[in-house]
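Scroll down for the structure; my scribbles are underneath it.
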Amino acid sequence: MSFPRLIQSSDEITNYVLLALLKGCGRLKALRHGKCVHGMILKHGFRSHLPIMTSVLDMYSNCFRLQEARKIFLEIERPDAIVINGMIAAYFRCYRPSDAVGLFYDSPSKDVGTWNSVLSGLVRISNNYEALRFFKQMVCVGEKSDVITLVTVLSACGSLAASCNARQIHGIVVKHGHEKHIPVGNAIIDMYAKVGEIEDAYIYFKNTELKNVITWTSLIVGYGKHGLGIEAIATFQQMVIAGFVPNKVTFVGILSACSHAGLVRQGLEIYRCMTEIYGIEPEMIHYGCVVDLLARYGQLEEAWKFITTMPVQPDSEMWTSFLSSCYFHKNKEFSKIAMEKLLELNPEDAGSYVLLSNVCSWIGDLEGVAKARRWIMNKGIVKTKAQTWIEIDRTVHGFESGGRSHPNYDIIVKYLGDLLERIKAVGYVPNIDIVVQNVDDNLKEEMIRNHSEKLAIGFGLINTKPGTRIVIVKNLRVCSDCHAAIGFISKMEGREIVARDSTRFHRFRDGKCSCREHW
DNA sequence: GTAGGGTTAG
């Protein structure tokens, strides 16, 4: 039903119609239409209808209109838990966490949803560590969690990349008997993949009978993040055989898996499948994957042809990805074009300024270099620092690139120096930049207790089990090959090292990243 | 049948 018709025929306005309209306006962020519906609500006397007023609040919240949402909230005489939860969500959505938490503690009526609102709000603003602490508090005061709590906590845990927490939360899920809920299972698979335990993600996947398209997609995405392109493709094929229909997210996952594993031919074939067999209209993100797939492996002409024949205009991310491939493959002609396009579109992104400065310096455009540096200075653009976390004895330790703030810094440096001497003594030559972050006494004790050695190298820690052959990759930053700065090494298995950056894992064998295995 | 808080994405 169209708006004009609805407005003219008052006899058709029911609370159900209004609720549906509000939901639609919120989803589409259609503020103007939403205000119109709000007006109708007032005109037709639904002012004291609690579900409707909750939905009005939520509509404004979805449109990021905090003042309007708050006004509605204050006008509601006796707000129940659901209204309060909506207001908490609105505060988080508009980056006002302290107001949200304040409302939580002031609120007289709380239900599990109130706790969940804060929990998911913290995850929304990427404060996953606080989210985990909040969940602990929830457990301590005896508040019972539901499936939504667990899905949210599992997601926080995955983002924190703390595998000890991961197992604990998984344990809680089993204890509460929530494993049968598919989104919970999906969140478990996603979490294990994100904390580096792709085998555990697979084991859970294999053992659960309850699967939907997201279950399969989560595993495929997980394989992609681990550079395991062949496994991602195999899973995709099994998914199709099992009768599940891949959606647009599945294709983003599989295409990026192919791209990061160098499976160009297979990736293009899958892209063809997506459009021709599944009839999925490609979105910018899919086009971006294809451009990346081609350009990353040097097929710059093909990538260029693809870009110029796409039915949509490339966005700045696509130009950044293309430019970084052109730079990597040392193609000046395309680099210049991509750089111009990028400058037209994207004056804000810190990452591209750094790339631009590098490209200018390479092609000898000293003026460009100076300009890029001036922009960085003037705009106060700061490249986001690499961060990582690790959990020791239930405490999550955060690390920041270049951070030297730990009180025991000197002791740690000495400990690592000694350890390196021992490594050299058994015949390995560590040829890497060692940047000690911070390690505390608990960690040191843990090392002694397990007869294991944890090395803080690069941005984080290496964990070696007794008897593991220590292989130092010649240069930890070798993976700038695949356009990624390496974060920390999460595993060493024989001659294989698994390292991660902020988005995915890289497998190195003899100093060569799996991203380049299939060239 | 009416409202809030949750899972997959370069």
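The figures that follow rest on heavy atoms only: side chains count, while hydrogens, waters and symmetry mates do not. Chain naming here is simple, since letters A, B, ... match the order of the sequence lines and numbering starts at 1 in each.
At a threshold of 4.0 angstrom between heavy atoms, the contacts of Val249(A) include nucleobase atoms, whether or not backbone atoms are also involved. Among the atoms of the strands shown, none is found under 4.0 Å from any heavy atom of His286(A). Note on Val213(A): nothing from the nucleic acid sits closer than 4.0 angstrom, heavy atoms only. Within the 4.0 angstrom heavy-atom criterion, no nucleotide atom of any strand lies near Thr215(A). Here Asp190(A) lies in heavy-atom contact (under 4.0 Å) with sugar-phosphate atoms only. When heavy atoms are screened at a 4.0 angstrom cut-off, Asn212(A) is found touching no nucleic acid atom at all.
Residues Asn116(A) and Thr149(A) bring a donor and an acceptor atom of their side chains to less than 3.5 Å of each other.
Considering only the side chain of Val151(A), dT7(B) comes nearest among dT7(B), dA3(B), dT8(B). Out of dT2(B), dG10(B), dA3(B), the shortest distance to the side chain of His260(A) is found at dG10(B). Checking dG5(B), dG10(B), dG6(B) against every side-chain atom of Ile285(A), the shortest atom distance belongs to dG10(B). Between dT7(B), dG10(B), dT8(B), one nucleotide has an atom nearer to the side chain of Asp292(A) than all others, and that is dG10(B). The listed nucleotides are dA9(B), dG5(B), dA3(B); the one nearest the side chain of Ser117(A) is dG5(B). Nearest to the side-chain atoms of Ile148(A) among the listed nucleotides dG5(B), dG10(B), dT2(B) stands dG5(B).
For residues 141-164 of chain A, the set of pairs meeting the salt bridge (charged side-chain N to carboxylate O under 4.0 Å, His left out) definition, not counting sequence neighbours, is empty. Applying the side chain to side chain donor-acceptor pair (under 3.5 Å) test to pairs two or more places apart or on separate chains, none has a residue in residues 117-128 of chain A. Evaluation of the salt bridge (charged side-chain N to carboxylate O under 4.0 Å, His left out) test over residues 162-174 of chain A, restricted to residues two or more places apart or in two chains, returns Arg167(A)-Glu197(A), Arg167(A)-Asp200(A). Listed by first then second residue, pairs satisfying ring-ring contact (aromatic ring centres under 6.0 Å, His included) with a partner in residues 66-100 of chain A number zero, not counting sequence neighbours.
Residues satisfying the side chain to side chain donor-acceptor pair (under 3.5 Å) criterion with Arg272(A), sequence neighbours excluded, are Glu269(A), Glu276(A). Under the side chain to side chain donor-acceptor pair (under 3.5 Å) criterion, His49(A) pairs with Asn15(A), not counting sequence neighbours. Leu42(A) meets the side chain to side chain contact (heavy atoms under 4.5 Å, CB included) test with His38(A), Arg47(A); sequence neighbours excluded. Under the side chain to side chain donor-acceptor pair (under 3.5 Å) criterion, Lys29(A) pairs with no residue at all, not counting sequence neighbours.
Residues of residues 99-110 of chain A that place a heavy atom closer than 4.0 Å to DNA chain B do not occur. Contacts of residues 66-79 of chain A with DNA chain B (heavy atom under 4.0 Å): none. The stretch residues 52-61 of chain A touches DNA chain B through Thr54(A), Ser55(A), Asp58(A), each having a heavy atom under 4.0 angstrom from the strand.
For Glu302(A) and Lys305(A), the salt-bridge test fails: no basic side-chain N is under 4.0 Å from an acidic carboxylate O.
With hydrogens and angles disregarded, no donor-acceptor distance shorter than 3.5 Å links the side chain of Ser61(A) to the backbone of Leu57(A). Side-chain atoms of Ser259(A) do not come within 3.5 Å of backbone N or O of Leu255(A) as any donor-acceptor pair.
Following rounding to the nearest Å, Phe244(A) (CZ) and dT8(B) (P) show an atom-to-atom distance of 18 Å. Across the protein-nucleic acid pair, Leu154(A) atom CG and dG5(B) atom P stand 19 Å apart, rounded to whole Å. Distance CD1 (Ile214(A)) to P (dT7(B)): 9 Å, rounded to an integer number of Å. Atom-to-atom, NE2 of His49(A) to C1' of dT2(B) comes out at 6 Å; the value is rounded to the nearest Å.
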Under 3.5 Å donor-acceptor pairs involving side-chain atoms of residues 280-291 of chain A, not counting sequence neighbours:
{"residue": "Glu283(A)", "atom": "OE2", "partner": "Lys248(A)", "partner atom": "NZ", "Å": "3.0"}
{"residue": "His286(A)", "atom": "ND1", "partner": "Glu283(A)", "partner atom": "N", "Å": "3.0"}
{"residue": "His286(A)", "atom": "NE2", "partner": "Lys248(A)", "partner atom": "O", "Å": "2.9"}

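A stacking contact links Tyr16(A) to dG1(B): the aromatic ring centre lies within less than 5.5 Å of the base's six-membered ring centre, and the planes differ by less than 30°.
For the OP1/OP2 pair of dT2(B) and a distance below 4.0 Å, the side-chain nitrogens and oxygens of Lys23(A) include no atom meeting the criterion.
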